[in-house]
Protein chains: 2
Amino acid sequence: MSRGEARQRLLDAAIGQIRARGYAATSVDELCTAAGVTKGAFFHHFRTKEDLGIAAAARFIEWLDGIFARSGWRDHADPLDRVLAYIDVRIRLLRGDVPHFTCLIGTMVQEVHATHPALRTACEAGIRDHLAPLQEEIAAAMAARGVTGFTPGSLAQHVMAVIQGAFVLAKAEGGPEAAAESLRHLRRYVAMLFREHDA
Amino acid sequence: MSRGEARQRLLDAAIGQIRARGYAATSVDELCTAAGVTKGAFFHHFRTKEDLGIAAAARFIEWLDGIFARSGWRDHADPLDRVLAYIDVRIRLLRGDVPHFTCLIGTMVQEVHATHPALRTACEAGIRDHLAPLQEEIAAAMAARGVTGFTPGSLAQHVMAVIQGAFVLAKAEGGPEAAAESLRHLRRYVAMLFREHDA
DNA sequence: GCATTGATACCAACCGGTCGGTATGTCCGC
DNA sequence: GCGGACATACCGACCGGTTGGTATCAATGC
């Protein structure tokens, strides 16, 4: 292992472990072993375990945004098709074992919201940042069809709620089937919301 | 404190603490202090901490089913109205601070699904049992209106996904507003699914 | 061209405290 | 007087975090 990559290796290990076992059950020692570094290195790069959590949240969102950028979900002429494409990408991501497709942020914020305010804020910001482009496309679709009755932000947050809830179901039943079904219901809802306004 | 109630007090304390801080971050000592009993009493009634979690999940579902039974959500002539009433009760329950209205099962299963199989199974069973009556009403509503294209179970699970996801959002943003908005989207979806089949 | 310097990256050993769990007793209703 | 319901005292392992130190680097002076 070459000099200078300990921080990245720790963040990657943290994302994997916390997604699988949660924040509290992931120990610093365990992370160091997984990343192949020592505890000294850990506390050289992160002041506390909470600091690592905050950095991991930011890195996770970067990673996720990269996936969506490469998916081409915004490459459609109609903004409604872009919104539906976002959901389709989410459905396609539901593959492999549970920790592989679930969300670090949702997992973490459930545990720490009441006890680690800084980490809660970081999770909130991560969600907001990730949803911003989706919210733009929803607003464009609403404007193009003259749809009213709700705000773009509320629908974007609803999309995120279904995604996070689908992850909870996937963890409860040990696989992604119910999660995918739920996202298909979401897709139908969005289609119905806008298509009934078509000419 | 009278003799014989230590078990109930421990379960109540566990439901409160785990809802607020999660399973891993809730220690046995802390629970004993909160319940006003000693560690000897704890391990007299529960073989392990995981056993307590399983018992707490069952007790939480009992408590929740009691709330819904008293709400009268099934006291409508039309099964669709009963389904919508279930969602309305869920919206009305979104009051107070976050640990007061969020779900023990969803919080716990996120942390333990990969590490505590027995606890994961208990959470899965709790969700399934709670959803059974809702699924019946969905099936009745579908039959009454000749709605097809999805199964009653998938819509019941979607309702639960939105509820769980709404709780995650509430924890991320520190309040129930976004959660309530999401449940209103869900209500609109269910209404649209069935009402477009009305005469 | 090379020694000096200061900063950064990292390491091994260790700290007090807390973790889940146990061993052994005591009390009280039947 | 006996069994279930607790209490007290304790255990080894592990927790997040700290310590004092070393290896490696770029920048500087000469």
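No experiment lies behind these values; they were computed from the predicted model shown. Computed over heavy atoms, backbone and side chain alike; hydrogens, waters and symmetry mates excluded. Order of the sequence lines sets the chain letters (A, B, ...), proteins ahead of strands, with each chain counted from 1.
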So, A/R82 and A/Y86: side-chain donor and acceptor under 3.5 Å apart, yes or no?
-> no
Checking B/S71 side chain against B/F68 main chain: does a donor-acceptor pair fall under 3.5 Å?
-> yes
Flag if over 12 foreign heavy atoms under 6.0 Å of NE2, B/H76 = yes
Nearest-angstrom distance from the residue atom CG of A/L10 to C1' of D/dG17 | 15 Å
Rounded to the nearest Å, what distance is computed from the CZ atom of residue B/R21 to the P atom of nucleotide C/dT18?
-> 15 Å
To the nearest angstrom, how far is A/R47 atom CZ from D/dG17 atom C1'?
-> 12 Å
Check the distance between D/dG17's P and A/L52's CG and give it to me in whole angstrom.
-> 10 Å
Measure the distance from CG on B/D51 to P on C/dG21 and round it to the nearest whole Å.
-> 9 Å
Under the 3.5 angstrom rule, does the side chain of A/Q8 hit a backbone N or O of A/E5 as a donor-acceptor pair?
-> no
Would a distance-only check, ignoring hydrogens and angles, find a side-chain to backbone donor-acceptor pair under 3.5 Å from A/H113 to B/G174?
-> no
Between protein and nucleic acid, restricted to nucleotides 13-16 of chain D and to nitrogen or oxygen atoms under 3.5 Å apart, what atom pairs and distances do you find?
unit_1	atom_1	unit_2	atom_2	d
D/dC15	OP1	A/S27	OG	3.2
D/dG16	OP1	A/K49	NZ	3.0
D/dG16	OP2	A/V28	N	2.9
D/dG16	N7	A/K39	NZ	2.8
D/dG16	O6	A/K39	NZ	3.2

Has A/H45 got a side-chain N or O lying under 4.0 Å from the OP1 or OP2 atom of C/dC10?
-> yes
Donor-acceptor pair, side chain of A/Q157 and main chain of B/L169, under 3.5 angstrom = no
Let me know the distance between CZ of A/R7 and P of C/dT8, rounded to the nearest Å.
-> 14 Å
Output yes when at least one side-chain N/O atom of B/H44 is less than 4.0 Å from OP1 or OP2 of D/dA5, else no.
-> yes
